[in-house]
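Just so you know, these numbers use all the heavy atoms, side chains as well, and skip hydrogens, waters and symmetry mates. From a predicted model like this one, the values you see are computed outputs, not experimental measurements.
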Amino acid sequence: MISVAILGAGIGQEHLTAYRALPHQFDVKWIIDRDDSRARALDPDIAIAQDIDVAIADATVDLIDICLPPHLHVPVALKALAAGKHVICEKPIATSLADVDRLRAALGAANGQYFPMFQYRWGPGHAALRAMIDKGLAGKPQTGAIETHWSRAADYYAVPWRGTWDGEQGGAILGHAIHAHDLLRHFMGRITSLSAMLDTRINDIEVDDCAAIAFQLDGGALVTSSITLGAATDETRLRFVYENLTATSGTSPYAPGNGSWTFKARDPKHQAAIDEIVAHHKSAPVGFVGAFSAIGDAITGKPGREVTFDDGAASIELVTAIYHAARTGTQVALPLPADHPLRKGWQP
């Protein structure tokens, strides 16, 4: 059994629900939050505290689950790794490539493992698509389109750290579209270059809330990403076109892998095999439950399904490249060089 301390009772509430669905793998021992009443409301039977160090110092805690504002992710993760804990960290794992380097060095010297939280990878639609790719039914990636069209208004930004460079450390490409871009990398391959336009059009905030990005992938595939926080509703839509398959998601914003995906073979004679895979994966785990199950397996010696530290590092490199492309009006190649001018951060 893996014992857990959840740091932060906001998104931590969803984490707790997922842990409860996996009682054979996890036992939540602590909920840490500056607001005792908010922490106690999640579960009055779990120990609560306001001080993060209480959980990190508890020798019975195996795993520190960081659900804090972005500017706290790196210092808390470094402290947890130094204490010999495993770490789960909500996105983003860092807000500069320099801090990614610090985390990598700390991880290399630590006994614990580090798991970025990209729970969007789990769901029946994504499990089916992964199986189709693995079985060779998809073929080479050709093109794709991503829409992260959500609604965020003044009430969302009433939380003091949101919408600011000091607190949130970035805008929609960091806090909202980062999941969709992880799915792009996961299902379509390595990004080799990009160009981008960013703007703040919807809210009176410091950071970006709209973007238009063009990606080129290893092998030549071309993908666009459209982002806004000024849509009427929250919708995420993915369309991946492969050599032999077109995969189109529904519009579920927070669990696109659980939406109504359609998979169409370019050659109709392969449709039956595709439909069989879809039927086989209808009960695949969704979101945090799938992510935590994979993490539990990795900690207990059965790795292979978990999101890795390198995946989290790649997401930060991508955000860095997007900001650089938007500010310079250039096409930016990846990977970024060691002396990149935004290596210490993209914050103005």
Side-chain angles (χ1 to χ4, degrees), residues 1-12 14-16 18-33 46-119 121-122 178 182 287-317:
M1 185 72 68
I2 300 165
S3 59
V4 182
I6 298 174
L7 311 186
I11 191 66
E14 294 188 43
H15 287 215
L16 178 61
Y19 287 127
R20 284 172 169 163
L22 300 165
H24 59 293
Q25 288 183 296
F26 297 100
D27 175 31
V28 178
K29 296 180 66 70
W30 287 97
I31 298 174
I32 309 297
D33 197 274
I46 297 175
I48 65 168
Q50 294 185 357
D51 188 352
I52 289 169
D53 290 340
V54 171
I56 294 177
D58 186 342
T60 67
V61 170
D62 304 308
L63 173 62
I64 299 294
D65 184 355
I66 301 172
C67 301
L68 302 169
H71 68 284
L72 296 175
H73 290 182
V74 171
V76 174
L78 290 172
K79 185 176 288 189
L81 288 170
K85 310 298 187 184
H86 302 292
V87 171
I88 289 174
C89 189
E90 268 290 344
K91 49 79 181 168
I93 68 165
T95 54
S96 73
L97 289 171
D99 276 345
V100 170
D101 292 341
R102 293 173 64 202
L103 287 170
R104 193 185 298 279
L107 184 59
N111 293 324
Q113 300 183 59
Y114 188 107
F115 306 99
M117 187 41 57
F118 284 119
Q119 76 278 4
R121 289 191 185 188
W122 277 267
I178 195 169
D182 173 70
F288 290 115
V289 173
F292 290 158
S293 175
I295 289 170
D297 285 348
I299 290 174
T300 55
K302 295 172 287 185
R305 299 186 298 120
E306 73 282 4
V307 180
T308 67
F309 178 82
D310 286 343
D311 292 324
S315 74
I316 302 307
E317 181 180 48

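- Every residue two or more places apart in sequence or in another chain that forms a side chain to side chain contact (heavy atoms under 4.5 Å, CB included) with Ala47 is listed here: Trp30.
- For the atom pair Arg104 CZ and Leu97 CG, the distance stands at 10.0 Å (nearest 0.5 Å).
- Annotation: salt bridge (Lys or Arg N to Asp or Glu O under 4.0 Å) contacts involving residues 23-33, sequence neighbours excluded, comprise Asp33-Arg38.
- Take Tyr19 and apply the side-chain hydrogen bond (donor to acceptor under 3.5 Å, both in side chains) test, not counting sequence neighbours, and it matches Asp65.
- For the residue pair Ile93 and Pro116, the shortest heavy atom distance occurs at CG2-CB, 3.7 Å.
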Hey, mind stepping through Ile46 and Ile6 against side-chain contact (heavy atoms from CB on, under 4.5 Å) and telling me if it holds?
-> CA-CA 10 Å; Ile46 297 175; Ile6 298 174; over 6 Å; no
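- Residues satisfying the side-chain hydrogen bond (donor to acceptor under 3.5 Å, both in side chains) test with Thr95, not counting sequence neighbours, are Gln169.
- Across every non-hydrogen atom of Gly296 and Thr300, the tightest pair is O-OG1, 2.8 Å.
- Residue pairs that meet the side-chain hydrogen bond (donor to acceptor under 3.5 Å, both in side chains) test with at least one member in residues 80-94, sequence neighbours left out, are His15-Glu90.
- Listed by chain and number, the residues in a side-chain hydrogen bond (donor to acceptor under 3.5 Å, both in side chains) with Asp99 are Arg102 (sequence neighbours excluded).
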Kindly indicate, with the supporting measurements, whether the criterion side-chain contact (heavy atoms from CB on, under 4.5 Å) is fulfilled by Val4 and Ile88.
-> CA-CA 10 Å; Val4 182; Ile88 289 174; over 6 Å; no
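- Proximity of Glu306 to Phe118: side-chain heavy atoms (C-beta onward) are nowhere separated by under 4.5 Å.
- Considering all non-hydrogen atoms of both residues, Ala110 and Leu81 come closest at CB-O, 3.7 Å.
- When all heavy atoms are compared, the tightest approach of Val100 to Ala94 is CG2-CB, 3.9 Å.
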Could you walk me through whether Leu16 and Glu14 pass the side-chain contact (heavy atoms from CB on, under 4.5 Å) test, one step at a time?
-> CA-CA 5 Å; Leu16 178 61; Glu14 294 188 43; over 6 Å; no
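- Heavy atoms of other residues, nucleotides or ligands lying less than 6.0 angstrom from CG of Asp51 number more than 12.
- In this structure, CD1 in Ile2 is found 9.0 Å from CD1 in Ile295, a value given to the nearest 0.5 Å.
- Evaluation of the side chain to side chain contact (heavy atoms under 4.5 Å, CB included) rule for Asp311 yields Arg121, Arg185, Val307, Thr308 as partners, not counting sequence neighbours.
- Annotation: side-chain hydrogen bond (donor to acceptor under 3.5 Å, both in side chains) contacts of Ser3 (sequence neighbours excluded): Asp62.
- Put simply, the side chain of Leu78 reaches to within 4.5 Å of the side chain of Leu103, judged on heavy atoms.
- Contacts of Gln50 classified as side chain to side chain contact (heavy atoms under 4.5 Å, CB included), with partners at least two apart in sequence or in another chain: Asp36.
- Note: Ile64 CD1 to Cys89 SG = 12.0 Å, rounded to the nearest 0.5 Å.
- Rounding to the nearest 0.5 Å places CD1 of Ile31 at 8.0 Å from CD1 of Ile48.
- Pairs of residues two or more places apart, or lying in two chains, that qualify as side-chain hydrogen bond (donor to acceptor under 3.5 Å, both in side chains) and include a residue from residues 290-299 are Gln25-Asp297, Ser293-Arg305, Asp297-Arg305.
- With contacts defined as side-chain heavy-atom distances shorter than 4.5 Å, the pair Ser315/Asp182 does not qualify.
- Pairs passing the side-chain hydrogen bond (donor to acceptor under 3.5 Å, both in side chains) check and including a residue from residues 67-81, sequence neighbours excluded, read Asp53-Lys79.
- Of all non-hydrogen atoms in Ala55 and Leu7, the two that sit nearest each other are CB-CD2, 4.3 Å.
- Contacts classified as ring pair (Phe, Tyr, Trp, His ring centres under 6.0 Å) and involving residues 89-115 (residues at least two apart or in different chains) are given here: Tyr114-Phe309.
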